[in-house]
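In the text below, chain A, chain B and the rest are named by the order of the sequence lines, each starting its count at 1. Below, each value reflects all heavy atoms present in this structure, side chains not excepted, and no hydrogens, waters or symmetry copies.
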Amino acid sequence: MTTEEAREPLTIAVTGLNAIDSPGPGMAVIRSLREGLPGRIRIIGLSYESLEPGAYLHDWVDHTYQIPYPSAGTRVLLERLAHIHDRERLGLLIPNFDAELPNFIRLAPTLTAMGIATFLPTQEQFDVRAKERLRAFGEAQGLEVPDQRVVQQVDGLVAAAEALGYPLVVKGRFYEAQVAHTWEQALKAFHQLSARWGLPVIAQRFIRGTEVNVAVLGDGEGNAVSIVPMRKLYITDKGKAWAGVTLEDDALRALAARFAASTRWRGGCELEIMRSDDGRLHIMEVNPRFPAWIYLGAAAGQNQPALLARMALGESLTPLPACPAGRMFIRYAWDHVTDISEFQRLSGFGEL
Amino acid sequence: MQLRRNLATSEDGFLFNPSTGDSFAANPVAADILRMLKEGRTVDGIREALLAAYDVEANRLDRDMADFERQLREAGLLQG
């Protein structure tokens with residue numbers, strides 16, 4: 001069934017409604033879907049907390065259900081999704097958090113059998129871009145990834161600092177990174193990041209240059225259906241883009257295409273790339289889902305969430321040409337006012 | 001002196017490098033030079049045009065043009 005053939009509105013469940021200062025991608029994905037898909041669609045928000053702003057934005061999200069945290073495992077998640085599916089007849093589900101993806105990947109065949117389409121990377125694809133494995137992947141594929149050490153204890157950090165020198169990038173297992181210029185700073189970062197995100201911590205060689213991010217949509221067959229490079233123009237204290245502009249650069253496109261070809265990536269992802277002063281492109285990280293700025297791609301003519309939805313529903317798409325440079329976004333904060341009863345309903349009854 | 005192939009410029013002197021996202025603001029004289037470079041004029045041709053348009057000594061203009069070329073090169077805005 002394609003979206004054009006659908007008689008009833010297509011109902012799409014989306015996570016990542018936390019449109020906060022370190023935003024999840026959900027609202028940008030929803031905005032893209034509403035603009036890019038033909039016909040009527042219905043958006044079901046899936047939230048983890050009662051104060052995810054998207055749950056209260058009823059022009060964008062028709063109904064929101066709370067779902068269990070990823071640590072609760074797949075069984076309770078499936079029970080909750082089955083309940084939501086009974087009520088809403090979901091046609092498609094687009095998860096948007098790194099930490100929840102393994103559960104959704106595991107459940108994907110079951111969801112398909114229930115009639116809920118997904119378009120996710122395989123567990124193997126998800127694992128190959130994990131921070132601790134990215135360097136080995138890069139070496140195997142001839143892609144430049146900065147030298148790094150996986151650090152389990154302080155002794156390992158000593159060895160990593162000796163091997164990689166300063167400045168040294170100390171990265172948490174899932175999120176966050178700090179640049180250490182001295183041993184004391186490196187040790188402090190190690191303790192902070194291991195306390196927050198657990199072990200291991202990754203120590204990575206510092207690359208001086210300009211950061212560029214690339215949103216890539218892979219078809220799972222080795223093709224990058226869409227490639228949208230973006231340079232951050234304004235970065236928050238959490239390292240998030242608050243303004244950015246699309247770029248047009250053959251080398252970035254070639255790198256993204258090579259990544260999609262070598263992984264056969266299925267779904268959306270974001271390459272965090274450092275262009276060093278000598279012009280070389282280093283892959284710093286690969287996020288296994290759409291970035292929070294993905295609507296910029298839609299505004300530049302490449303609506304990756306809508307394209308993903310079409311592929312999830314069975315269409316084959318040919319790769320798009322380069323997207324135009326110079327489309328710019330500026331994020332803004334806006335106070336949405338509602339009644340406390342809405343908060344009560346979501347936190348008390350688990351839906352809104 | 002040749003500008004990068006895909007460089008975007010506006011008449012009022014705004015430059016945008018689509019490969020890097022860098023943007024620059026040029027003063028009116030620099031904007032004139034950029035416009036003439038985009039038109040494919042030679043450095044000698046641009047020099048003649050500026051000498052005719054502005055009250056400036058040739059030595060001073062040569063120094064300023066050399067300085068401007070250095071700035072463009074450092075910013076990665078020239079070919080090669």
Smallest separation among heavy atoms of B/Thr20 and A/Leu247, with atom names: C-CD2, 3.5 Å
Shortest non-hydrogen contact between A/Thr246 and B/Phe16, atoms and distance: O-CZ, 3.9 Å
Within 6.0 angstrom of B/Glu74 CD, more than 12 heavy atoms from elsewhere: yes
Part of A/Val245 lying under 4.5 Å from any heavy atom of chain B: side chain
Between CZ on residue A/Arg231 and CG on residue B/Asn17, distance to nearest 0.5 Å: 9.0 Å
More than 12 heavy atoms from other groups under 6.0 Å of CG on B/Asp12: yes
Crowding at CD, B/Glu11 (>12 non-hydrogen neighbours, <6.0 Å): no
For B/Ser19 against A/Arg275, the heavy-atom pair lying closest together: O-NH2, 3.3 Å
Enclosure of A/Arg266 CZ (heavy-atom neighbours >12, cutoff 6.0 Å): yes
B/Tyr54, OH: over 12 other non-hydrogen atoms inside 6.0 angstrom: yes
